[in-house]
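Contents: one structure, followed by commentary.
Bear in mind the structure is a predicted one, so any value in this text is a computation, not a measurement.
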Amino acid sequence: MSKDSKMTTINPATGKEIQSYDTMTNDEMNKAIESCHEAFLEWKMKPAEERAKIIVNIGKELDKNKEKLAKLMTEEMGKLEKQGHQEIELCSAICDYTAENGPKSLQDEERELPEGGKGFITYSPMGVIYGIQPWNFPTYQVVRYSIANLMAGNGVLLKHAENVTGTGILLEQIYKDAGLPENLFKTLVISHDQSDEVIENKRVRGVTLTGSPSAGRIIGEKAGKALKKTVLELGSNDAYIVLDDADLDLAVKTCVQGRLYNNGETCVAAKRFIVVDAVYDKFRDAFVEQMKNIKLGDPTSENSDLGPMARKDLREELHEQVEESVKKGAKILCGGKLPEGDGFYYPATVLENLEPGQPAYDDELFGPVASLIKAKDTDDAMRIANDSRFGLGGGIFSKDEAKAKELAQKHFDTGMVFINSFGLAKPNMPFGGVKDSGYGREHGGFGLHEFVNAKSVMMA
């Protein structure tokens with residue numbers, strides 16, 4: 001890769017160029033990997049309590065840069081600026097939770113050996129962990145894997161999505177300003193071909209990706225060939241079930257929020273709305289009314305409910321999925337038309353008459369499009385919810401909390417379930433999915449153990 005190669009960021013609200021960045025040469029990339037490994041060799045020797053102090057400082061530094069970071073995220077990928085503030089507040093909370101609970105979670109565990117003697121399990125850091133991260137939550141996606149791995153004693157490399165290159169570079173500076181040792185967290189401005197070489201590099205011991213299932217298969221195969229452990233979070237088409245005893249006002253309000261948060265570009269967003277026949281018409285009418293009233297506009301304005309999609313190609317792909325669904329029998333209840341003017345805006349859209357074989361039923365629609373599906377009853381609703389190759393999250397609306405809990409525990413085939421609510425990540429709860437939504441867990445202490453060596457030490 002020569003210095004002539006550049007990455008250019010585009011403001012999705014205007015379609016205009018923000019900035020161009022030189023990509024690293026292979027030599028620069030390899031030096032960055034080596035320097036991260038060297039920094040790791042010192043970092044891993046520090047007590048967990050000492051690492052935790054710096055993790056706390058990173059949270060404080062993120063908070064200190066909240067305004068700057070939120071503005072940059074909005075400029076680069078179009079999220080509402082007020083939601084950028086919320087993202088950074090979540091990241092600070094993750095730092096605090098990890099610093100408070102990390103040292104205890106990583107403590108040695110003593111065991112009595114069956115035949116006599118003693119043993120203990122120690123959680124040894126593995127080395128340099130490589131994260132390939134998407135654009136939709138440009139700060140959170142990075143914090144999610146990096147803070148757990150830094151707490152565990154590892155070094156961290158980041159390849160951020162091209163359209164949020166500026167955010168990736170700023171995060172490296174924020175971590176450094178917080179007192180993290182030089183080179184321990186490195187942002188690599190590199191191409192996909194160079195990224196493959198990072199996976200193969202002997203200094204890299206683990207790979208984590210958030211992206212599409214197709215990207216997960218490619219990265220999982222490359223990492224597996226190199227015998228590197230992976231954690232993959234691959235998106236979903238989460239089902240939110242509305243039962244006949246649901247609080248419909250709450251369900252409608254929450255489902256609109258769950259579909260449109262972050263401009264609808266969220267892995268764990270509410271995407272399919274499976275409503276039992278008894279309340280379908282009432283839910284549909286109220287849901288469509290609220291979606292029609294959504295204000296699409298400038299993401300820096302407090303008056304906007306929905307900003308632009310992050311890239312032109314993503315908007316085109318979403319619109320193609322809508323049109324293909326309509327060709328196969330889906331009906332547009334609102335939205336569904338490309339707006340004129342600058343920027344990559346797409347209106348809040350609702351589809352019904354959905355069935356298998358339509359993109360709006362089978363696939364992930366990564367934007368502000370809701371899929372309404374009618375079910376006969378509770379059993380049919382759960383069948384439809386699980387009739388998916390994905391399994392990241394889902395939701396249940398019912399006033400019978402005991403019934404909802406049983407459905408969540410025993411029947412919902414996902415990594416997360418929200419009852420009478422919509423949520424994103426919680427620092428103290430595991431985040432991750434099953435089936436084509438990937439494998440591995442982050443948050444809640446689980447991420448701390450994904451890339452450590454659980455080492456057995458036995459003594460007579």
Side-chain angles (χ1 to χ4, degrees), residues 7-21 65-91 133-144 160-171 210-212 235 256-271 291 294-322 335-349 364-370 424-425:
M7 289 186 176
T8 301
T9 53
I10 304 290
N11 186 331
T14 63
K16 295 178 180 176
E17 181 177 321
I18 304 168
Q19 191 169 340
S20 286
Y21 301 86
N65 285 271
K66 185 192 297 183
E67 205 67 40
K68 181 179 181 182
L69 201 44
K71 284 183 183 301
L72 179 57
M73 290 193 295
T74 296
E75 188 179 26
E76 288 192 322
M77 58 72 59
K79 71 165 67 241
L80 297 182
E81 200 170 301
K82 54 193 172 187
Q83 291 181 359
H85 291 163
Q86 295 165 4
E87 179 176 342
I88 295 160
E89 287 160 11
L90 170 61
C91 291
Q133 299 303 315
W135 45 265
N136 58 331
F137 287 90
T139 298
Y140 164 70
Q141 300 284 7
V142 176
V143 166
R144 188 168 79 191
H160 222 329
E162 182 173 343
N163 58 322
V164 291
T165 298
T167 301
I169 291 169
L170 178 56
L171 286 171
T210 299
S212 66
V256 170
Q257 178 199 16
R259 176 60 287 203
L260 299 183
Y261 192 84
N262 203 47
N263 302 337
E265 299 166 314
T266 303
C267 300
V268 73
K271 290 169 184 154
M291 291 286 275
I294 291 299
K295 295 172 186 170
L296 180 66
D298 180 357
T300 65
S301 170
E302 279 291 326
N303 296 322
S304 297
D305 300 316
L306 186 65
M309 295 189 64
R311 297 196 313 258
K312 182 180 179 182
D313 63 304
L314 296 169
R315 183 176 72 161
E316 290 172 349
E317 181 183 340
L318 180 70
H319 192 55
E320 285 172 11
Q321 289 176 305
V322 170
K337 293 183 179 178
L338 285 172
E340 295 179 0
D342 295 333
F344 312 136
Y345 291 93
Y346 200 83
T349 300
E364 179 174 34
L365 272 58
F366 212 64
V369 180
L424 300 171

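Gly307 and Pro299 get closest at one heavy-atom pair: CA-CB, 4.4 Å. Closest approach of Ser304 and Leu80 over heavy atoms only: O-CD1, 3.7 Å. Smallest separation of non-hydrogen atoms from Tyr140 and Cys91: CA-SG, 3.4 Å. The heavy-atom pair separating Thr8 from Glu17 by the smallest distance is CG2-CG, 3.3 Å. Scanning all heavy atoms of the two residues, the minimum distance from Leu365 to Arg259 falls at O-NH1, 3.2 Å. The nearest pair of heavy atoms linking Leu171 to Pro138 is CD1-O, 3.7 Å.
One finds the CG atom of Leu314 at 9.5 Å from the CE atom of Met77 (value rounded to the nearest 0.5 Å). Atoms CD1 and OG1, from Ile88 and Thr139 in turn, are 5.0 Å apart once rounded to the nearest 0.5 Å. We find the CD-CG distance between Gln83 and Leu90 to be 12.5 Å, quoted to the nearest 0.5 Å. Note: Ile10 CD1 to Ser20 OG = 8.0 Å, rounded to the nearest 0.5 Å. Interatomic distance, Tyr21 OH to Ile169 CD1, rounded to the nearest 0.5 Å: 5.5 Å. For the atom pair CD (Glu364) and SG (Cys267), the distance works out to 6.0 Å, reported to the nearest 0.5 Å.
A side chain to side chain donor-acceptor pair (under 3.5 Å) with Glu76 is found for one member of Thr167, Asn163, Thr165 and no other, namely Thr167.
Of the possible polar contacts, none joining the Lys312 side chain to the Gly343 backbone as a donor-acceptor pair under 3.5 Å is found. No donor-acceptor pair closer than 3.5 Å links the side chain of Thr9 to the backbone N or O of Val164. Not one N or O on the side chain of Asn263 forms a donor-acceptor pair closer than 3.5 Å with the backbone of Met309. Of the possible donor and acceptor atoms, one in the side chain of Thr74 sits under 3.5 Å from a partner among the backbone N and O of Ala70. The closest donor-acceptor contact from the side chain of Glu81 to the backbone of Glu67 lies at 3.5 Å or more, if one exists at all. A donor-acceptor pair is defined here as one N or O able to donate and one able to accept, closer than 3.5 Å; no such pair exists between the side chain of Asn65 and the backbone of Lys68. Side chain of Thr266 to main chain of Val268: no donor-acceptor pair is present (N/O by atom type, distance under 3.5 Å, no hydrogens or angles). Formation of a donor-acceptor pair under 3.5 Å by the Asn262 side chain with backbone atoms of Gly264 is not found in this model. Of the possible polar contacts, none joining the Gln133 side chain to the Ala161 backbone as a donor-acceptor pair under 3.5 Å is found. A donor-acceptor pair is defined here as one N or O able to donate and one able to accept, closer than 3.5 Å; no such pair exists between the side chain of Arg311 and the backbone of Phe344.
Look at Lys79 and Glu87 and you find a salt bridge, because one of the NZ, NE, NH1 or NH2 atoms lies within 4.0 Å of a carboxylate O, short of that distance.
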Open item on the list: Go through it in stages, so that I can follow the logic: the residues are Thr349 and Met291, the test is side chain to side chain contact (heavy atoms under 4.5 Å, CB included), and I'd like the CA-CA distance, side-chain angles, deciding distance and then a yes or no.
Closed with: CA-CA 7 Å; Thr349 300; Met291 291 286 275; 6.0 Å; no
TODO: Assess whether side chain to side chain contact (heavy atoms under 4.5 Å, CB included) is satisfied between Val256 and Ile294, documenting all intermediate values.
DONE: CA-CA 9 Å; Val256 170; Ile294 291 299; 4.2 Å; yes
Open item on the list: Assess the residue pair Asn136 and Gln141 against the criterion (side chain to side chain donor-acceptor pair (under 3.5 Å)); give the C-alpha distance rounded to whole Å, side-chain angles, the decisive distance to 0.1 Å, and a yes or no.
Closed with: CA-CA 8 Å; Asn136 58 331; Gln141 300 284 7; 3.2 Å; yes
- [ ] Evaluate the side chain to side chain donor-acceptor pair (under 3.5 Å) criterion for residues Lys16 and Asn11: first the C-alpha distance (whole Å), next the side-chain angles of each, then the deciding distance (0.1 Å), finally the verdict.
- [x] CA-CA 5 Å; Lys16 295 178 180 176; Asn11 186 331; over 6 Å; no
TODO: Evaluate the criterion side chain to side chain donor-acceptor pair (under 3.5 Å) for residue pair Gln86 and Tyr261; output intermediate values, then yes/no.
DONE: CA-CA 11 Å; Gln86 295 165 4; Tyr261 192 84; 2.5 Å; yes
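Under the 30°/60° scheme for interplanar angles, the aromatic rings of Phe366 and Trp135 are found to stand perpendicular.
For the pair Leu296/Asp305, no side-chain contact is recorded, criterion being any heavy-atom separation below 4.5 Å from C-beta on. In this structure, the side chains of Lys71 and Thr300 stay at 4.5 Å or more apart for every pair of heavy atoms. Residues Pro339 and Arg315 form a side-chain contact, since some pair of their non-hydrogen atoms from C-beta on lies under 4.5 Å apart.
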